[in-house]
**Q** 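Following this message is one structure expressed as structure tokens.
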Amino acid sequence: MSWNISGTYYAPCSCKVGCPCLLGELEGDQGWCSALLALDIKSGDVDGTDVSGTRAVFAGDWPSGFLSGNGTARLYFDPGSSEQQREALGGVLSGQRGGVFEILSTLITKVLPSREAQISVQAGENETTIKVGDLGQLVIQPMRGPTGELTRLLHGAAAFREDTHLARAHGTRWNDPDLRKWESLGHGEFTEFQWSA
């Protein structure tokens with residue numbers, strides 16, 4: 001049993017720019033934490049199931065902070081993905097298949113049934129907008145240094161990669177009636193990934 005996926009991920013959350021979870025804090029800026037992780041998978045295989053070209057969004061809500069656990073989560077799949085692809089990716093993204101997502105299985109205590117939602121990605125150099133059905137949208141605006149280089153965080157406490165690009169996420173909003181309704185106070189991340197287990 002093995003898997004590998006590669007592509008780009010986008011991850012805004014409810015906190016201000018410089019989310020405390022990335023630095024190991026146990027409580028979000030507002031005393032709680034909500035976050036989204038959108039995966040635009042370019043290529044991948046999960047136990048022989050080709051998941052190339054699929055899109056999925058993970059939405060999580062924690063009563064204190066990401067690292068404090070006791071979270072509630074749901075996966076959303078684009079209509080273009082088959083039931084077999086959804087099942088394969090569900091095992092990976094829930095952390096049941098090991099790898100970078102394994103930590104999620106210890107931080108999520110309630111998993112809601114997955115939902116189907118149209119996931120559209122409008123990627124640009126200065127802003128990427130991802131719309132997820134009528135549930136909300138993710139907005140990622142890369143942060144840059146004085147000479148234009150991307151702002152990076154290395155070895156963050158709660159990062160999915162050792163090298164993460166930081167972004168502003170103003171305009172991100174989420175409204176699933178089974179989860180907390182929220183708008184981002186500004187924190188976002190994104191980067192290209194290549195994960196396997």
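No hydrogens, no waters, no symmetry mates; every other heavy atom, side chains included, goes into these values. In what follows, residues are counted from 1 in the order of the sequence shown. Since we're looking at a predicted model, the values are computed, not measured.
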**Q** Do Arg55 and Ile130 have side chains that approach each other closer than 4.5 Å (heavy atoms only, starting at C-beta)?
**A** no
**Q** Would a 4.5 Å heavy-atom cut-off, applied to side chains only, mark Glu189 and Leu153 as touching?
**A** no
**Q** Here's a test for you: under side-chain hydrogen bond (donor to acceptor under 3.5 Å, both in side chains), which of Thr164, Thr191, Asp163 qualifies with Arg152?
**A** Asp163
**Q** How far does CH2 of Trp62 sit from CD1 of Ile108, to the nearest 0.5 angstrom?
**A** 4.5 Å
**Q** Taking the side chain as everything from C-beta on, heavy atoms only, tell me whether Gln118 gets closer than 4.5 Å to Asp78.
**A** yes
**Q** Does a side-chain heavy-atom distance below 4.5 Å link Val139 with Pro12?
**A** no
**Q** Where does the angle between the aromatic ring planes of Phe190 and His165 fall among parallel (under 30°), tilted (30 to 60°) and perpendicular (over 60°)?
**A** tilted
**Q** Going by heavy atoms in the side chains, are Trp174 and Thr172 under 4.5 Å from each other?
**A** no
**Q** Can you find a pair of side-chain heavy atoms, one from Tyr76 and one from Leu36, that are under 4.5 Å apart?
**A** no
**Q** What distance do Asn70 atom CG and Thr109 atom OG1 have between them, rounded to the nearest 0.5 Å?
**A** 4.0 Å
**Q** Do Asp61 and Arg180 sit within salt-bridge range, that is, some charged N less than 4.0 Å from a carboxylate O?
**A** yes
**Q** Can you tell me which residue among Leu39, Leu75, Val51, Thr49 is in a side-chain contact (heavy atoms from CB on, under 4.5 Å) with Leu89?
**A** Val51
**Q** Please list, chain by chain and in numerical order, all residues satisfying side chain to side chain contact (heavy atoms under 4.5 Å, CB included) with Glu116, sequence neighbours excluded.
**A** Pro79, Arg86
**Q** If the test is side-chain contact (heavy atoms from CB on, under 4.5 Å), which one of Cys15, Ser14, Ser64, Ser68 qualifies with Trp32?
**A** Ser14
**Q** At what distance, to the nearest 0.5 angstrom, does CZ of Arg173 lie from OG of Ser184?
**A** 12.0 Å
